[in-house]
There are 2 protein chains.
Amino acid sequence: MHSFTEENYLKIIYALSTRQNGEVTTNALAEMTATKAASVSDMLRKLADKQLIHYKKYQGVRLTAEGERQALRVIRRHRLWEVFLVQKLGFGWDQVHDIAEELEHIRSEELVSRLDTFLGSPQFDPHGDPIPTPAGTMPQIEYRKLSDVSVGEEVTIMGVLEHSPEFLQHLDRSGLTLGCAVKVSEISSFDKSVQVHLSSEKSLFVSCEVTRNLLVN
Amino acid sequence: MHSFTEENYLKIIYALSTRQNGEVTTNALAEMTATKAASVSDMLRKLADKQLIHYKKYQGVRLTAEGERQALRVIRRHRLWEVFLVQKLGFGWDQVHDIAEELEHIRSEELVSRLDTFLGSPQFDPHGDPIPTPAGTMPQIEYRKLSDVSVGEEVTIMGVLEHSPEFLQHLDRSGLTLGCAVKVSEISSFDKSVQVHLSSEKSLFVSCEVTRNLLVN
DNA sequence: CAAAAAATTTAGGCGCGTCTAAATTTAATA
DNA sequence: TATTAAATTTAGACGCGCCTAAATTTTTTG
Ligand SMILES: [Mn+2]
Ligand SMILES: [Mn+2]
Ligand SMILES: [Mn+2]
Ligand SMILES: [Mn+2]
């Protein structure tokens, strides 16, 4: 089986290659893994030997079909554990990422399968991200960013693009939680900030840093 | 903080030193950790440097107060996770040890605390072993072995001394589960096997290999 | 109690995942 | 396009946890 480190690399390569498609760069991986480019090069050679990535020196890397399957297994475990932590243990959505980062490496098919059942086979994690299927495919969901919504539209908050605790706590304080209905009443031509009305009749201004990271439908 | 490996050593040293008190021997540790004596020596030097064990070369080893505290933290996590796996996910008591062996190393005070609350602050794990307190002390429980019970006595099964899946499955098949009331009706003078009556009116013979590993009160 | 046996530690080495410094390749620019 | 700059890989090293073989200490035994 693969080591924790290898699993982390696969997961990160998957995330980066969907974020900006095309080959994933060594430096980008070094930043995400909080290591140095030299360390990444070593690991890429190993992953290539194991046929988990396509790798031509100096040309960046891409997951093989098998590598993507493995990455999605890790992501599935991560997101299921996040659901558990929030829904069963009462953690806030801003607290669960680091813990799930460890839990995701516990390898027991039986455990994942029973956890999934226990949670009612959820489709989305606490951040609105889709949970890969047991078969190893990622459900494709199309959301718009709140920054792309026009004045007068009413939409529902479905997910976030930024997962930092700071951002999530900011949303909590603003009352912008998942499932929340918002109506765009005004868009500032000056700084692109957006005035929204919540179902609670409250209204507030949302900066474009926030609207760019909020997914709605 | 301590590595997975160090945590495993502490836990095993604790287990061995309560099983047969006095210093724990290098060879015993090598067998339990499934490594070689030379590897154990290396690790003992490291644990001694960290003040987690008392260690005089060739003289065996004993946990320091801090070492015991750390060991009990790991054991607490292990047993809480076992309760979770059995009570919430529906695993059998014979299936949970290896998974808990991984889960026990996830270090988050908050996680353990919330898990404990979620489980209703259980006092015992699925094998009847007491769960150490958050403060790091092991509840001392006095049980007798079924092999020490006299004819005519009625007792309740409270725990097991042997944790192998094979033994636990054997108990399942015999109907000897935790909390089960058994009345000793006869003890064979030939092989010390014991005839017991269950509350279900069934009776069966229990070999001395089994009675020696069943705790009752 | 001296010799043999058993237990334990030390010496030297290996794979993993990491690092810094140096070499190499690719991309940018004058 | 020839140089310079940036990105990437290679060389050599290190700590961790493990190994085998050899040395050392303790225990057993004739
Ligand atoms: Mn996460
Ligand atoms: Mn998430
Ligand atoms: Mn166990
Ligand atoms: Mn147990």
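Throughout, protein chains are lettered first and strands after them, A, B, ... in sequence-line order, and every chain is numbered starting at 1.
B/L47 places its CG atom 13 Å from the C1' atom of D/dC16, with the value rounded to the nearest Å. Between A/Q59 atom CD and C/dT26 atom P there is a gap of 6 Å when expressed in whole angstrom units. In this structure, A/E6 atom CD and C/dC16 atom C1' are separated by 10 Å, rounded to whole Å. The distance from atom CG of A/D49 to atom C1' of C/dG17 is 15 Å, rounded to the nearest whole Å. Remark: P of D/dT9 and CG of A/L44 are 6 Å apart, rounded to the nearest angstrom. Rounded to a whole Å, the NZ atom of B/K46 is 15 Å from the P atom of C/dT9. The distance from atom CZ of B/R45 to atom C1' of D/dC18 is 13 Å, rounded to the nearest whole Å. Rounded to whole Å, the distance from CE on B/M43 to P on D/dG15 is 15 Å.
Taking only side-chain atoms of B/A38, from C-beta outward, the nucleotide of C/dT24, D/dT26, D/dA21 with the closest atom is D/dA21. Relative to the side chain of A/Y58, the nucleotides C/dT25, C/dT9, C/dG17 differ in distance, and C/dT25 lies closest. Set against D/dT10, C/dT8, C/dT18, the side chain of A/K57 has D/dT10 as its closest nucleotide. Nearest to the side chain of A/S39, among C/dT18, D/dT26, D/dA11, sits C/dT18.
With B/T64 contributing its side chain and B/G67 its backbone, the two residues share a donor-acceptor pair below 3.5 Å. Side-chain atoms of A/T33 come within 3.5 Å of backbone atoms of A/L29 as a donor-acceptor pair (strictly under, hydrogens ignored).
Checking the phosphate oxygens (OP1, OP2) of D/dG17, no side-chain nitrogen or oxygen of B/T35 falls inside 4.0 Å. Between B/T25 and C/dA7 there is no side-chain polar atom (N or O) within less than 4.0 angstrom of OP1 or OP2. OP1 and OP2 of D/dA6 both lie 4.0 Å or more from every side-chain N or O belonging to A/N27. Put simply, A/S3 has a side-chain N or O that comes within less than 4.0 Å of OP1 or OP2 on C/dG17. Considering only side-chain N and O atoms, B/K36 lies under 4.0 angstrom from the phosphate OP1 or OP2 of D/dT20. At the phosphate of D/dT8, neither OP1 nor OP2 sits under 4.0 Å from any side-chain N or O atom of A/Y55.
Counting only heavy atoms from C-beta outward, the side chains of B/F4 and B/R107 approach each other to under 4.5 Å. The closest side-chain heavy-atom distance from B/W81 to B/L115 is below 4.5 Å. For the pair B/K145/B/T211, no side-chain contact is recorded, criterion being any heavy-atom separation below 4.5 Å from C-beta on.
Judged by distance alone, with hydrogens and angles left aside, B/D42 brings a side-chain donor or acceptor within reach of the base of D/dC18, the pair sitting under 3.5 Å.
Ring geometry, A/W93 versus A/H127: the interplanar angle falls under 30°, so the pair is classed parallel (tilted spans 30 to 60°).
Among the heavy atoms of the strands lying under 4.0 Å from B/T26 are primed sugar atoms or P, OP1, OP2 only; no base atom is included.
With the nearest nucleotide of DNA chain C identified for both A/T5 and B/K56, B/K56 has the one nearer the 5' end.
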